[in-house]
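These notes concern the structure reproduced below.
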Amino acid sequence: MAKAAPLEKYRNIGIIAHIDAGKTTTTERILFYTGVIHKMGTVDEGNTTTDWMPQEKERGITITAANTTCFWKDCKINIIDTPGHVDFTVEVERSLKVLDGAVVVLCGCSGVQPQTETVWRQADRYHVPRIAFINKMDRMGANFDRVIGEMHERLGANAVAIQMPVGAEDSFRAIIDVINEKQITYSDAEGVDLVRSQVPEEFKEQAKTYRHQLIERLAEVDDQMMEIFLGEREPAIPEIMAAIRRAVLANKFVPVLCGSSLRNKGVQMVLDAVTDFLPSPLDVPPIKGINPQNKNNEPAERPASAEAPFSALVFKIMSDPYVGKLFFTRIYSGKLNSGTQAYNSTKKLKEKISKVVVMHANKQEIVDSASAGEIVALVGLKESKTGDTLCDEANPIVIESMRLPEPVVSMAIEPKSKADQDKMGLILKKFLDEDPSLKVKYDHETAETIISGMGELHLEIIIDRMKRENNLETNIGRPQVAYKETICNRVSGVVGKFISQTGGRGQYGHVVIDVEPAEEKGKGVVFVNKIKGGSIPREFIKPCEEGVITASQNGILAGYPVTDLTVTLIDGSYHEVDSSELAFKLAAKYALHDALRMGKSKFMEPIMDIEIVTPDDYWGQVIGDLNTRRAKMISTGQRGKLKTARLEVPLAEMFNYVNALRSLSQGRATFSMEPAFYADVPNHIAEKIIGMKTETAQKK
């Protein structure tokens with residue numbers, strides 16, 4: 001049964017990292033040491049608590065963020081174990097939106113990897129305080145100081161060791177607590193019995209150096225520690241602990257711990273650091289939003305208090321075979337009882353909450369109520385979606401939703417049996433509710449259903465789940481890149497007209513627009529209204545904008561979406577009788593397509609940031625192969641006996657790269673990849689894309 005705890009004793013944390021850094025193993029050890037489970041599972045054996053999906057067990061990766069609750073000392077800790085694979089980055093994004101703190105897990109030998117940088121930036125965006133755990137200190141090539149150096153260089157983090165390892169690789173045997181100046185060893189294989197002893201003579205000098213560095217770095221970011229430092233007084237242990245907590249809460253300091261989760265070393269100290277340094281809901285600023293009752297969208301906020309009006313954010317939806325949909329919700333203020341109603345201020349409707357449950361991975365524990373600071377799942381909601389706000393109707397607030405990434409890969413999908421067409425539509429709707437990074441559209445030109453996602457693996461998992469969970473067999477087309485179109489040159493005074501006279505009332509719409517490349521990339525199509533003097537009545541402005549947006553969904557080169565341009569409505573005319581919303585919508589649509597022709601529309605393609613780690617013997621073959629894939633080298637490095645390279649490569653060249661790299665390096669090289677930006681497509685490749693699109697349409 002879930003125990004209650006005062007709000008200052010709550011810790012809502014996420015375990016975030018690059019793929020294969022050891023997040024799930026660390027979470028498993030946390031659950032063991034806090035008494036939630038009584039036998040530790042491993043990722044290799046596929047029996048961990050938080051990786052419960054069949055696809056996770058088979059692949060040994062985390063796909064969906066799993067929520068669980070445990071107690072350590074007198075604190076209640078809500079943990080979300082997040083995926084590390086870039087294809088499931090939306091899971092990290094929405095988890096960080098609702099968490100108060102995070103444990104960043106880094107591999108002792110691989111250090112800061114591309115996805116580490118991604119999750120770090122995501123945590124920066126939501127101002128989430130962090131502690132770092134350098135895991136796998138027992139692995140070949142582990143180097144504690146090098147990883148801290150990479151955190152400074154590549155993450156810009158003020159990362160400082162509060163522990164140091166005794167030995168590394170095969171000789172890693174103990175951890176020195178720099179703050180308390182004690183050595184920690186274990187008297188049993190499961191790592192339950194910690195033995196604290198004096199620091200051995202041979203490590204005393206090194207431990208003192210780490211401690212001095214810790215105090216010096218704290219003095220740079222904490223005024224009270226600065227006074228102690230300038231006064232040349234040795235700070236007491238409680239003063240150091242308090243200073244670390246203040247600096248972590250202010251996001252100015254990252255304490256670094258070390259250990260090996262798989263070998264059961266160092267995890268209890270991570271739990272100590274979570275309770276000592278990471279924030280409670282009371283330590284983070286009140287949640288901000290807007291007041292929907294006010295036309296000017298005045299800001300509103302809610303303090304973390306059970307007495308304040310109720311407010312909560314739905315951050316994830318999951319389908320359960322027994323209870324239907326589970327709506328994962330972070331409660332920011334007030335209290336919620338099961339069997340009551342809540343107001344969805346995003347959709348402006350009431351929702352009935354039939355049950356409130358506390359989640360332990362895929363198991364549920366029903367509770368009567370939940371209050372500020374808690375992360376729970378709600379059952380019974382009908383219309384709510386990811387990112388919606390639930391609140392008290394008398395005191396409405398709309399909390400800012402999370403940022404969702406754009407899909408980069410598409411594929412055509414159809415059921416093997418035509419009779420399953422409707423079934424596929426219902427299943428895809430369920431997946432769309434669960435996963436906001438998945439997109440589905442119907443291509444009328446080719447009569448295909450297109451699903452788009454964050455990568456090959458993302459779409460592969462969707463197809464696999466359709467088969468296993470819903471018994472739906474599908475045929476799929478090969479993955480396609482999500483190209484985009486944009487304009488090269490500014491064009492002014494482009495006229496769009498839609499005039500139709502067919503007897504009786506006609507249609508009349510006339511617009512004049514300027515179109516130019518957007519200054520800020522990634523904003524899509526921005527519509528600006530500069531109509532003066534009523535040349536187009538106000539009621540027709542919105543249809544003009546709708547026409548522009550509709551036209552931007554299919555470009556003129558090969559029907560790919562148009563992005564990164566600003567469309568300014570500058571003039572037009574109307575007819576007292578014949579003008580209609582439809583006429584202006586079509587006029588604006590024709591105007592944008594003409595503007596794209598006049599301004600020379602061009603293709604853009606997603607570029608991936610990839611990191612290669614390979615033994616020296618295969619360096620030439622691996623880099624040579626990447627050069628044939630239009631790769632651009634950014635940097636190279638050495639990691640022990642391995643060579644590393646950071647490159648930018650078009651996604652179109654990277655399909656099935658995992659198999660190519662295996663054969664080039666006899667399975668010894670590894671790579672990781674994440675979306676970086678969109679760039680121009682070379683002319684000879686653009687011609688191929690147009691040819692392929694035309695050929696597909698003709699076949700259909």
Ring-plane angle category for Phe603 and Tyr483, please: parallel below 30°, perpendicular beyond 60°, tilted otherwise. tilted
Heavy-atom donor-acceptor pair, Lys439 side chain to Pro436 backbone, under 3.5 Å: yes
List the steps, then state whether side chain to side chain contact (heavy atoms under 4.5 Å, CB included) holds for Ile476 with Leu459. CA-CA 10 Å; Ile476 54 170; Leu459 299 183; over 6 Å; no
Separation between OG1 of Thr563 and NZ of Lys484, rounded to the nearest 0.5 Å: 4.5 Å
I'd like to know whether Phe229 forms a side chain to side chain contact (heavy atoms under 4.5 Å, CB included) with Glu220, so could you lay out the CA-CA distance, the side-chain angles of the two residues, the decisive distance to 0.1 Å, and finally the verdict. CA-CA 10 Å; Phe229 187 73; Glu220 290 171 12; over 6 Å; no
Exactly one of Thr26, Asn135, Asp138 should register a side-chain hydrogen bond (donor to acceptor under 3.5 Å, both in side chains) with Ser260. Which one does? Asp138
Pair listing, salt bridge (charged side-chain N to carboxylate O under 4.0 Å, His left out) test, anchored in residues 161-181, at least two apart: Glu181-Arg211
Enter the distance from Ile79:CD1 to Leu31:CG here, rounded to the nearest 0.5 Å. 5.5 Å
Where do Ala159 and Met151 come nearest, in terms of heavy atoms and distance? CB-CE, 3.7 Å
Before accepting this row, confirm whether a basic side-chain N of the pair Glu201/Lys204 lies closer than 4.0 Å to the acidic partner's carboxylate O. yes
To check you understand the geometry: which heavy-atom pair defines the closest contact between Val147 and Cys107, and what is its length? CG2-O, 3.9 Å
Taking the basic N atoms (NZ, or NE/NH1/NH2) and the acidic carboxylate oxygens, is any pair closer than 4.0 Å for Asp124 and Arg130? yes
Between Glu460 and Asp464, does the side chain to side chain contact (heavy atoms under 4.5 Å, CB included) criterion hold? Intermediate values first, please. CA-CA 6 Å; Glu460 192 184 306; Asp464 192 36; 5.8 Å; no
Can you tell me how far OG1 of Thr644 sits from CD of Glu611, rounded to the nearest 0.5 angstrom? 6.0 Å
Mind checking whether Val128 and Asp100 have side chains closer than 4.5 Å, heavy atoms only? no
So does Ile175 get a backbone contact from the side chain of Gln163, meaning a donor-acceptor N/O pair under 3.5 Å? no
Count the heavy atoms belonging to other residues, nucleotides or ligands that lie under 6.0 Å from CE of Met633, then report whether that count exceeds 12. yes
Find out whether Ile176 and Ile184 are in side-chain contact, i.e. whether some heavy atom of one side chain is under 4.5 Å from a heavy atom of the other. no
Check whether any side-chain heavy atom of Tyr210 sits under 4.5 Å from a side-chain heavy atom of Asp145, and report yes or no. yes
Considering only heavy atoms from C-beta outward, does the side chain of Ile634 approach that of Asp609 to under 4.5 Å? no
Has the side chain of Thr34 got a donor or acceptor atom that lies under 3.5 Å from a matching backbone atom of Ile30? yes
Trp72: what forms a side chain to side chain donor-acceptor pair (under 3.5 Å) with it, not counting sequence neighbours? Asp272
When every non-hydrogen atom of Ala247 is compared with those of Val221, the smallest separation belongs to CB-CG2, 3.9 Å
Nearest 0.5 Å, what's the CD1-CE distance between Ile413 and Met411? 8.0 Å
In this structure, OH of Tyr678 is separated from OG1 of Thr486 (nearest 0.5 Å) by 12.0 Å
side-chain contact (heavy atoms from CB on, under 4.5 Å), paired with Ile13, selected from Ile80, Ile77, Leu99: Ile77
Backbone N/O of Asp625 and side chain of Thr628: donor-acceptor pair under 3.5 Å: yes
Under a 4.5 Å cut-off applied to non-hydrogen side-chain atoms, are Leu155 and Glu117 in contact? yes
For Arg11 and Leu278, work out which heavy atoms get closest and say how close. NE-O, 3.1 Å
Considering all heavy atoms of both residues, which atom of Pro129 and which atom of Asn251 are nearest to each other, and what is their separation? CA-OD1, 3.5 Å
I'd like to know if the side chain of Gln122 reaches the main chain of Lys97, judged simply by a donor and an acceptor atom lying under 3.5 Å from each other, with no hydrogens or angles considered. no
Are there over 12 heavy-atom neighbours, none belonging to Asn683, within less than 6.0 Å of that residue's CG? no
Between Asn158 and His152, is a side-chain hydrogen bond (donor to acceptor under 3.5 Å, both in side chains) present by the stated rule, with each step listed? CA-CA 6 Å; Asn158 184 18; His152 285 271; 5.3 Å; no
Heavy-atom count around Glu519 CD within 6.0 Å, excluding the residue itself: above 12? no
Can any side-chain N or O of Tyr186 pair as donor or acceptor with the backbone N or O of Gly266 at less than 3.5 Å? yes
Heavy-atom distance under 4.5 Å between the side chains of Pro255 and Phe277, does that happen here? yes
Yes or no on side-chain hydrogen bond (donor to acceptor under 3.5 Å, both in side chains) for Arg29 and Asn264, after CA distance, side-chain angles and deciding distance? CA-CA 7 Å; Arg29 300 305 180 261; Asn264 311 321; 2.8 Å; yes
Which pair of heavy atoms, one from Ala21 and one from Ala17, lies closest together, and at what distance? CB-CB, 3.8 Å
CA sep, side-chain torsions, deciding dist, call: Val649, Ile607, side chain to side chain contact (heavy atoms under 4.5 Å, CB included): CA-CA 6 Å; Val649 193; Ile607 304 295; 6.0 Å; no
Is the closest side-chain heavy-atom distance between Leu626 and Arg629 below 4.5 Å? yes
Taking side chain as C-beta onward, heavy atoms only, is Asp680 less than 4.5 Å from Met604? yes
Should the pair Glu653-Arg630 be classified as a salt bridge under the 4.0 Å nitrogen-to-oxygen rule? yes
Rounded to the nearest 0.5 Å, what separation is found between the CG atom of Leu194 and the CE atom of Met269? 5.5 Å
Think Arg154 forms a cation-pi with Trp120, using NZ or CZ under 6.0 Å from the six-ring centre and within 45 degrees of its axis? no
